[in-house]
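Proteins get letters first, then strands, A, B, ... in listed order; numbering begins at 1 in each. Atom set for the values below is all heavy atoms of this structure, side chains included, hydrogens, waters and symmetry mates excluded.
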Amino acid sequence: MEVQIDVVTGFLESGKTSFIQSLLERDVIAAGRPTVLLVCEEGLEEYDPEQLKAKNITLVTADDPNTLNQTFFQNLIGTHKPHRILVEYNGTWKIGSLLKIKLPDGCRINSIVGLVDASTFETYMSNMSRMMAEQLANCDVIFVNRFEELEPEQADIIRRSLKNINRKAEKAFFKNRIPKNILKRYFMIAGPSLWKVAKGFLVVFLFWAVVMYFQAVQALALENQYTFLQSVNTIFISILLQAIPFVLIGVFTSSILQVFVSDTLLVRLFTKHRLLGAPLAVVLGVFFPVCDCAMAPVVARMVRKGVPLSYAVTFLLAAPVVNPVVIWSTLYAFPGQPRIVLLRVVWGILVALIAGLLIPLLWKKGLPVQRTIIDSTCASGYIGDSSSEGFRGKLEILFRHAGMEFFNVGRYVVAGALISSVLQVLVPKTALLGTAQNVVLAPLAMLVAAFLMSVCSTSNAFIARSFSYTFPIGSVLGFMVMGPMLDLKNLLMLMSGFRRGFVLRLAGLLAVIGWIGFVTATIAGQGVL
Amino acid sequence: MKKINGEVLLQMILIAVIDAFLVGLLVTGKVKNYIHPRLILYLWFAVGALAVIALLMIPVMLQPRHKVSLFPYLIFVFPLLTGFILPPTTDMAQVAGIGTGKTISSPGLSEQAPQNLQDTVSQLTFPEQEASQSSSSAPESGESAEKVDVPDGVTLITDDEYLDWYMDVYENPEKYEGKQYKIKGTVFRMDGFADNEFVPARMAMVCCAADLAAAGFLCRADDAKKWNDGDWIWVTATIKVEFEKNMGETMPILYPSSIEPAEKPKEEWVYPTY
């Protein structure tokens, strides 16, 4: 028979009993067919036996998580034949134990609802984060109450912590009664999930269609289309191949910072002497000779750990420029013209410093990536406990964390690479050439080209070289300097760690600085070079 | 069936497929069609790191999770799909630039600046203008077993030497005035070339296929028209340093004494080392 299991969980005193009682009173749990109320926690409040009887609800208690197993549920269902089992779960038991149970046929867990008392959240989280996180990570919805006393900022911190633990769950803050329609959404007896089946079919169909399309293009020898696809794909895969190792380096570095380096150490490094922060941010880049793909996860981590935003941004922008490999490659691309190399580095540092200085003016709404109360969970999501303690345990967490971040960032890398390769093949360079002589438009054209071409800062120099025959040197310098800062793929990667509004503002700021800066350079260059 | 975390399982599967794909490319050497050889070591690191991550994920996978979402992982399947299905293009012309005119004299570029040739040809050019489909020349038959006839007084430039030779001639053209060389390249033309002009070029890759650029010198030959874009040829030529009026620069130009068909080399791209 079909039995739906709905679970209400939350720490002691989070209001589970009153919540369930209100579900009964408001008829969200309708009377009629038999229901079993499985209570796993003895709280201060108790259920009214009359009310339960009236609604055909049988109360069953469980004191020990070990009693909950397949046999238990089989007996429960056999005895009472409920159409629903409503569980008031114990806030100190693992939800995982419940999820592991092989339930009898037709029996499935529908909703897991979490209740959070805002006034005690921070305390509990500091002391018992693992326990709470495990439960909250598995919820479909989290209702937060008793937050009237809090500052709006504190409420925000709670919201973000919850988001870090469980990105998908709906987080709802309600002072008074929770609207009935929202409750019904979770407690309704669900029919067969047609939507899920449909989604499954859609995915399979999409696959089949894509494969068929490729085969057809190949078979029919549709030259132009096939050529186009092949070129785009070659560039697409090549960008990804080149990026994979560096993305991994980036997420590992970020994870190392998360697991092994304390927040205070990192922050102190930057803020000890007032004037040291910005230059340090620039110099740090020298020790980071990696492709700019590695930067986004690391910088997001730094900001999360409390490094002041302007230093983090300066580091992000300066690193691709002061990178020794990049300097060397620029020398190689412009042989006999060390002046250009010097200009690239100087301008790059300048733009990085200015952008770093100005960005706090554009982003005042607190950190673009909120710090959280919890240490063991972070924005990548809850990753489970490690099987061993100490260094080995930390190492495990390190790798899993890196893996999680790899997938988070990875989707942006794929998207960026795809868009970039299509544009690179599609857009004829001749489109830009008309602007070559115009002192104001040439730098703009170079910025646009830099944005569209998501190549790493090493290749960047060689492509700049080819532009240097038609475009004024000042604008080409703009291409080299702004390329790694402003390109499509990197901006998308930043979105994986930072809020979208922040990334857009940063991009806008860079575009403006870039344009003004390199129009100046172009004008100056006309005379000098 | 034991209950597990479906999302983590999918992640492990994705990692396995990615690693398989990478190892396949690395072992067959096909990876060099996509990226510069210096990155090969990095990719092996990636293969290893991903494998360790997947292994350490096993305990997490065994812990069931309520309502996982698999949809967002679709985007990872896409490149794996296209990567397996579509072979990399090794046709230089293809990568060098689709979407622009392929004729030798091209209309519609009148919005141009005074210069006729958009990019110079004797330095690394941005792959932008070649679009003609090539009829690929001699079929590939084994490795460097190709017999090459080198007449007296002519120096043969091998694939490995090409880039260094090219850079040196470019930087110190006077040193090479009047010397004769035999080089292998593929026919490459750009808009604005005269009928007797083309470039016997090799495509150079700095980092990845996205930055491929043609490296070669302008070549003027009477029988130029008989060679199609993309044909692989041996060019035996004398270097003359001249002023090229379209580019407004003095640069080395090749005047061939003979042009013969060549076998497509096993590794088509050349890789600058720096």
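Counting heavy-atom pairs under 4.5 Å between each of B/Phe45, B/Phe76, B/Tyr42 and chain A puts B/Phe76 at the top. Put simply, of B/Pro64, B/Pro87, B/Gly83, B/Pro72, the one with the most heavy-atom pairs under 4.5 Å next to chain A is B/Pro64. Looking only at heavy-atom pairs under 4.5 Å with chain A, the residue among B/Val8, B/Thr82, B/Ile18, B/Ile35 that has the most is B/Thr82. Each of A/Ala402, A/Gly410, A/Ser421, A/Gly96 has some count of heavy-atom pairs under 4.5 Å with chain B, and the biggest count is that of A/Gly410. Counting heavy-atom pairs closer than 4.5 Å to chain A, the top residue among B/Leu86, B/Leu25, B/Ile75 is B/Leu86.
With a 4.5 Å cut-off on side-chain heavy atoms, A/Ile239 and B/Tyr34 do not count as touching. For the pair A/Leu99 and B/His66, the minimum side-chain heavy-atom distance is below 4.5 Å. Proximity of A/Leu206 to B/Phe78: side-chain heavy atoms (C-beta onward) are nowhere separated by under 4.5 Å.
Of the two parts of A/Ala415, the backbone and the side chain both hold a non-hydrogen atom closer than 4.5 Å to a non-hydrogen atom of chain B. Contact of A/Val247 with chain B is not made at all, since no heavy-atom distance falls under 4.5 Å. The contact between A/Phe407 and chain B is made by backbone and side chain atoms together, counting heavy-atom distances below 4.5 Å. Of the two parts of B/Val77, only the side chain, counted from C-beta on, holds a non-hydrogen atom closer than 4.5 Å to a non-hydrogen atom of chain A. For chain B, the nearby part of A/Val210 is the side chain; its heavy atoms alone come within less than 4.5 Å. Contact of B/Leu14 with chain A is made through the side chain alone, with heavy-atom distances under 4.5 Å. Both the backbone and the side chain of A/Leu229 have a heavy atom closer than 4.5 Å to some heavy atom of chain B. Using a 4.5 Å cut-off between heavy atoms, A/Leu240 contacts chain B through its side chain alone, with no backbone atom that close.
Going from atom CD of A/Gln242 over to atom CG of B/Leu39 covers 6.0 Å, rounded to the nearest 0.5 Å. With rounding to the nearest 0.5 angstrom, the CG atom of B/Leu74 is 10.5 Å from the CZ atom of A/Arg411. Taken from CZ in A/Arg400 to CD in B/Gln11, the straight-line distance is 12.0 Å, to the nearest 0.5 Å. Interatomic distance, B/Leu50 CG to A/Leu248 CG, rounded to the nearest 0.5 Å: 5.0 Å. Rounding to the nearest 0.5 Å gives a distance of 8.0 Å between OG of A/Ser255 and CD1 of B/Ile53. In this structure, A/Asn138 CG and B/Gln63 CD are separated by 8.5 Å, a value rounded to the nearest 0.5 Å.
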